[in-house]
Amino acid sequence: MLDIKFIRENENAVRKMLADRKAEADLDGFIEADCRFREIVERVNGLKHEKNVVSKEISTEKDRAARQERIGRMKGLNVELRELDEESKAMEAKRNEIRLTIPNFPHPDVPVGEDESKNVTISTWGDPRKLKFTPRAHTDIGSSLDIIDIERGAKVSGSGFYVLKGYGARLERALLNFMMDIHSEQGWKEVWPPALVNSASMVGTGQLPKFEEDMYRLPKDDLYLVPTAEVPITNLHRDEILDGDDLPLRYQAFSPCFRREAGRHTGEEGIIRVHQFSKVELVSICHPDASEDELEKLTRDAEEVLKRLDLPYRRIILCKGDLSFSSAKTYDLEVYSPFEERWLEVSSCSSFGDFQARRAMIKFRRKPHLPSEFLHTLNGSGLAIGRTMVAILENYQLEDGRVELPKKLRPYMRGLEVISI
RNA sequence: GCAGAGGUAGCUAAGCUUGGCCUACGGCGCCGGACUUGAAAUCCGGUGGGCAUUCGCCCUCGGGGGUUCGAAUCCCCUCCUCUGCGCCA
């Protein structure tokens, strides 16, 4: 959510930002409602002031007739107020509703561009593997080793669900522990959050009201299945004023992630894009002056997982047209897939500036006597577990159909070196 | 799920029975000032949000309605916390 004064005073900048992002929001409606709201509020405040004065007079007035006269005046004021009050509430609601649909301002570092083709590669690590045989897809590998069962996932739940079995299931568990141990070393506090959250939390991080269609919702309880642990973790401190000395707050959490993923995606077969996947998420709540450095740390810390798994990857920065709604700046980490001969996104690390903090009312004080200010929030995958598994299967496959395990992961697999049937 | 007790400012905590003296008591923390060589102690003032920024005005007692000239206070709905019972891995 943008600062309301900023929108008022920088209408053109907001308009340009929307165009750069290829986003739409009813800015005219916002401005109209805001102007009208403020106009009415002034009159309402005047009337309320009069009411307060007269009410005070009634309480001290001894003369019965004078009292009655004032009570009559109050009744008149109330009639007038009722109408204006109604309109002011309607205008305020409209204004706020629209404000929730205006995306964040991109950071100045963010390159211009209308879609993902304009994203810029920042750095590359490791040499993409060239296998001496024809590589197979993770779906092939998974089914022939009987560790990924897509058919039965569909039977049990439907299309877009899969089942991990045997070493596949153990690999999931190993990756989770492997990742979280690394992040603990790096100073991220472990949290095990709820997988269901209320709508206030979803508004706080920006999933609602705009992306209702992307979420699973339980109408009976008005709860949502989390699309990422970002939601419960960032909302841990919703409506709180934190002590500046406690910053930054760095959390990591595992959670299942649920996404409806309505619509078709080509080139994302197998378990690349599914309705439920596991992810370790890093969330930082930090001082506004520290968020730029914090995004670098967060991204580096996520990269460390790929380095230890010895998976070649690159870091890209998303252009304005590809940037997500709440983000000010996003790095994606992509692992090379020798089968597809392309890069696969396994992490997305974003800085939100004060956009989420303003929605979720996460504040801090520099000193106890100073006014509270909004914090900055950041988060990133550290990493998406399902896609990391895909990357391991496709990068570490052997010609005979077996899959070697990255050396540092073996202790987490009870010493297993190679996955075979 | 049922019954009871609660939710008041950064924290703590009065007020609610009996509506107006609430411009929300007091304390802690913090800031500024006075005093002091300095500090402590003491005293004075400040310490939520919005609109205007010159004096000012409005809002704020978990949230939303209602009654009333007037609601922290009375009524209704709702959310959350705690205790007991029920259910349960």
Side-chain angles (χ1 to χ4, degrees), chain A residues 1-9 30-100 192-204 208 217-224 232 235-247 249 256 285 287 354 357-375:
Chain A
M1 192 157 72
L2 300 178
D3 180 15
I4 203 152
K5 277 187 196 149
F6 181 88
I7 306 176
R8 277 178 204 142
E9 289 161 15
F30 171 86
I31 289 161
E32 194 192 319
D34 183 51
C35 287
R36 182 79 187 125
F37 168 70
R38 288 193 291 164
E39 208 178 291
I40 301 169
V41 157
E42 253 178 72
R43 287 173 57 199
V44 166
N45 282 355
L47 288 172
K48 282 186 176 170
H49 176 58
E50 198 180 339
K51 243 185 98 168
N52 287 340
V53 170
V54 176
S55 172
K56 193 114 291 174
E57 285 170 6
I58 291 172
S59 69
T60 51
E61 181 59 66
K62 299 263 162 51
D63 181 71
R64 187 162 294 176
R67 241 177 114 95
Q68 279 310 314
E69 183 270 329
R70 293 209 164 85
I71 288 174
R73 237 164 77 205
M74 287 287 267
K75 285 184 174 169
L77 282 170
N78 278 337
V79 172
E80 210 172 330
L81 254 174
R82 199 169 308 238
E83 245 173 75
L84 284 172
D85 224 24
E86 217 163 279
E87 195 186 348
S88 95
K89 273 182 185 165
M91 288 298 120
E92 190 181 20
K94 184 178 175 196
R95 179 190 79 175
N96 292 345
E97 232 165 77
I98 298 172
R99 184 150 80 122
L100 287 173
W192 201 273
L196 296 176
V197 296
N198 57 29
S199 55
S201 292
M202 294 290 267
V203 171
L208 289 183
R217 177 170 176 234
L218 289 79
K220 202 171 174 182
D221 303 286
D222 195 26
L223 291 169
Y224 294 81
N235 279 283
L236 241 35
H237 296 289
R238 172 157 48 83
D239 295 324
E240 288 186 16
I241 299 174
L242 303 169
D243 188 335
D245 295 338
D246 296 339
L247 301 174
L249 292 172
I285 297 176
H287 199 283
D354 61 9
R358 186 172 279 113
R359 285 176 163 246
M361 289 293 288
I362 310 173
K363 304 176 115 184
F364 81 110
R365 288 181 211 279
R366 287 173 197 262
K367 289 271 180 275
H369 64 286
L370 292 173
S372 59
E373 299 169 61
F374 291 113
L375 288 153

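Order of the sequence lines fixes the chain letters, A, B, ..., with proteins taken first and strands second; residue numbering starts at 1 for each chain. Worth knowing before you read on, the calculation uses all heavy atoms, side chains too, and leaves out hydrogens, waters and symmetry mates.
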- Message: Let's test this: given Watson-Crick or G-U wobble pairing with both distances under 3.5 Å, identify the partner of B/rU47.
- Response: B/rG29
- Item | Neighbour count >12 (heavy atoms, 6.0 Å) for atom CD, A/E9 | yes
What protein N or O atoms touch nucleotides 21-24 of chain B N or O atoms at under 3.5 angstrom, if any, and at what distances?
from, atom 1, to, atom 2, distance (Å)
B/rU23, OP1, A/K56, NZ, 2.8

- Both distances under 3.5 Å, Watson-Crick or G-U wobble: report the partner of B/rU8, or none. B/rG15
- Could you tell me the separation between the CG atom of A/N96 and the C1' atom of B/rG50, rounded to a whole number of Å? 12 Å
- Task: Could you pull out all residues at least two apart from A/R217 that satisfy salt bridge (charged side-chain N to carboxylate O under 4.0 Å, His left out)?
- Result: A/D222
- Tell which nucleotide pairs with B/rG70, taking only Watson-Crick or G-U wobble pairs whose two distances are both under 3.5 angstrom. none
With 3.5 Å as the limit, what N/O pairs link the protein to nucleotides 52-54 of chain B?
from, atom 1, to, atom 2, distance (Å)
B/rA52, OP1, A/R38, NH1, 3.3

- Query: Of all of residues 196-203 of chain A, which get a heavy atom below 4.0 angstrom from RNA chain B, listed by number?
  - Reply: none
- A/L375 and A/A357: which non-hydrogen atoms are nearest, and at how many Å? O-CB, 3.1 Å
- Does A/F30 have any ring-ring contact (aromatic ring centres under 6.0 Å, His included) partners at least two apart in sequence or in another chain, and if so, which? none
- Query: Considering every strand shown, what is the Watson-Crick or G-U wobble mate of B/rA41 when both distances are under 3.5 Å?
  - Reply: none
- Message: Using the P atom as the point on both nucleotides, what is the distance between B/rC25 and B/rC61, in whole Å?
- Response: 15 Å
- Item | Pairwise P distance for B/rU23 and B/rG32, with rounding to whole Å | 31 Å
- Find the partner of B/rA89: check Watson-Crick (N1-N3 plus N6-O4 or O6-N4) and G-U wobble (N1-O2, O6-N3) distances, both under 3.5 Å, and reply none if neither fits. none
- Query: Side chain of A/K363: nearest nucleotide among B/rC57, B/rC69, B/rG49?
  - Reply: B/rG49
- Item | Complement of B/rC35, any strand, by Watson-Crick or G-U distances under 3.5 angstrom | none
Name the atoms and distances for all side-chain donor-acceptor pairs under 3.5 Å in residues 41-48 of chain A, with sequence neighbours left out.
none

- Message: Applying ring-ring contact (aromatic ring centres under 6.0 Å, His included), can you list everything that pairs with A/H287, at least two apart in sequence or on another chain?
- Response: A/F364
For a quick test of your reading: what N or O donor-acceptor pairs under 3.5 Å do the side chains of residues 87-98 of chain A make, sequence neighbours left out?
from, atom 1, to, atom 2, distance (Å)
A/E87, OE1, A/R36, NH2, 3.0
A/E87, OE2, A/R36, NE, 2.6
A/E87, OE2, A/R36, NH2, 3.2
A/S88, OG, A/D85, O, 3.2
A/R95, NH1, A/D34, OD1, 3.1
A/N96, ND2, A/E92, O, 3.4

- Query: With sequence neighbours excluded, what pairs up with A/D245 under the side-chain contact (heavy atoms from CB on, under 4.5 Å) test?
  - Reply: A/D243
- Closest-nucleotide ordering on RNA chain B, the 5'-leading residue of A/R67 and A/V53: A/R67
Please list, pair by pair, any protein nitrogen or oxygen found under 3.5 Å from a nitrogen or oxygen in nucleotides 63-66 of chain B.
from, atom 1, to, atom 2, distance (Å)
B/rG65, OP1, A/K89, NZ, 3.4

Using atom names, set out every protein N or O paired with an N or O of nucleotides 70-74 of chain B below 3.5 Å, distance rounded to 0.1 Å.
from, atom 1, to, atom 2, distance (Å)
B/rG70, OP1, A/N78, ND2, 3.0

- What distance, rounded to whole Å, do you find between the two C1' atoms, one in B/rU81 and one in B/rG62? 11 Å
- Task: If B/rA3 has a Watson-Crick or G-U wobble mate with both distances under 3.5 Å, name it; if not, just say none.
- Result: B/rU83
- Item | Separation of atom CD in A/E39 from atom C1' in B/rC58, rounded to whole Å | 17 Å
- Over how many whole Å does the gap from A/F37 atom CZ to B/rG49 atom P extend? 16 Å
- Query: Just how far, in rounded Å, is C1' of B/rC80 from CG of A/D239?
  - Reply: 12 Å
- Please name all residues satisfying side-chain hydrogen bond (donor to acceptor under 3.5 Å, both in side chains) with A/E32, sequence neighbours left out, ordered by chain then number. none
